[in-house]
Amino acid sequence: MAIKLTTVSIFVFMIISWLFGIYSLSKFYTPTIIIPIFNNYYWSTPFVGMLGLTVFFSIVSVAAFFILKYKNFRKRTAIYSIASILWIAIIAGQFKILQFNLGICH
């Protein structure tokens, strides 16, 4: 059974997110990271701020992959599309958090 391109794209986005988060933590370290939310700010540790969502969605993505692999769902492409959009949003969120903490955008 061949792995579909959508599955590969999800794992590529996952790897990009991990690499971006780890690189950001190694180059930019402060005791706290500020996460900008719609009308408030959330203060957290650097690991939770840069890799918290990545850890959560990595576990969810791997679990969903195995569930979809061993169960016969008809709407796989919709699930893969939603997962890809979520991973792009996580990478964008990491980038926004890093920019805000570096003082690039306020």
Side-chain angles (χ1 to χ4, degrees):
M1 183 167 112
I3 296 178
K4 296 188 177 202
L5 182 60
T6 52
T7 306
V8 172
S9 68
I10 290 172
F11 286 115
V12 166
F13 286 136
M14 185 186 303
I15 291 169
I16 290 171
S17 180
W18 274 100
L19 291 176
F20 185 73
I22 291 170
Y23 176 78
S24 299
L25 287 177
S26 68
K27 295 296 180 188
F28 173 71
Y29 183 79
T30 59
T32 58
I33 283 188
I34 302 168
I35 301 173
I37 303 174
F38 297 111
N39 61 351
N40 204 353
Y41 299 102
Y42 178 71
W43 295 60
S44 71
T45 62
F47 180 78
V48 171
M50 290 305 296
L51 291 174
L53 280 176
T54 304
V55 170
F56 176 73
F57 280 108
S58 293
I59 293 169
V60 170
S61 294
V62 170
F65 173 74
F66 285 115
I67 289 170
L68 289 174
K69 183 177 178 185
Y70 293 112
K71 302 287 183 182
N72 191 9
F73 288 107
R74 293 184 181 183
K75 301 290 184 188
R76 285 186 185 187
T77 55
I79 294 171
Y80 286 139
S81 299
I82 292 169
S84 295
I85 290 169
L86 284 173
W87 276 109
I88 292 170
I90 289 171
I91 294 169
Q94 286 176 323
F95 192 65
K96 173 70 175 173
I97 291 168
L98 184 66
Q99 285 182 331
F100 186 84
N101 284 281
L102 288 174
I104 295 174
C105 60
H106 287 282

Identify whether [X] and [Y] are in the same connected component of the hydrophobic contact network (ILVMFWY, side-chain heavy atoms under 4.5 Å).
X: Ile15; Y: Phe95; value: no
X: Phe66; Y: Ile59; value: yes
X: Val48; Y: Ile34; value: no
X: Leu102; Y: Ile35; value: yes

Any idea which heavy atoms bring Ile22 and Leu51 closest together, and the distance?
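The pair with the smallest heavy-atom distance is CG1-CD1, 4.0 Å.
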Please find the pair of heavy atoms, one from Ser17 and one from Ile90, that lie closest to each other, and give the distance.
OG-CG2, 3.7 Å
[atom2] on [Y] to [atom1] on [X], rounded to 0.5 Å:
X: Ser58; Y: Trp87; atom1: OG; atom2: CH2; answer: 3.5 Å
X: Leu53; Y: Phe56; atom1: CG; atom2: CZ; answer: 8.5 Å
X: Ser24; Y: Leu98; atom1: OG; atom2: CG; answer: 4.5 Å
X: Ile88; Y: Ser9; atom1: CD1; atom2: OG; answer: 8.0 Å
X: Leu25; Y: Ile33; atom1: CG; atom2: CD1; answer: 6.0 Å
X: Ile91; Y: Leu19; atom1: CD1; atom2: CG; answer: 9.5 Å

State, yes or no, whether a side-chain contact exists between [X] and [Y] at a heavy-atom distance under 4.5 Å.
X: Phe11; Y: Val62; result: yes
X: Val55; Y: Phe47; result: yes
X: Phe20; Y: Met50; result: yes
X: Ile97; Y: Pro36; result: yes
X: Ser61; Y: Phe13; result: no
X: Ile10; Y: Phe65; result: no

For the residue pair Thr54 and Gln94, confirm or rule out a side-chain donor-acceptor distance under 3.5 Å.
yes
By ring-ring contact (aromatic ring centres under 6.0 Å, His included), which residues pair with Tyr41, not counting sequence neighbours?
Phe100
Under 3.5 Å donor-acceptor, Ser26 side chain and Tyr23 backbone:
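At least one qualifying donor-acceptor pair exists.
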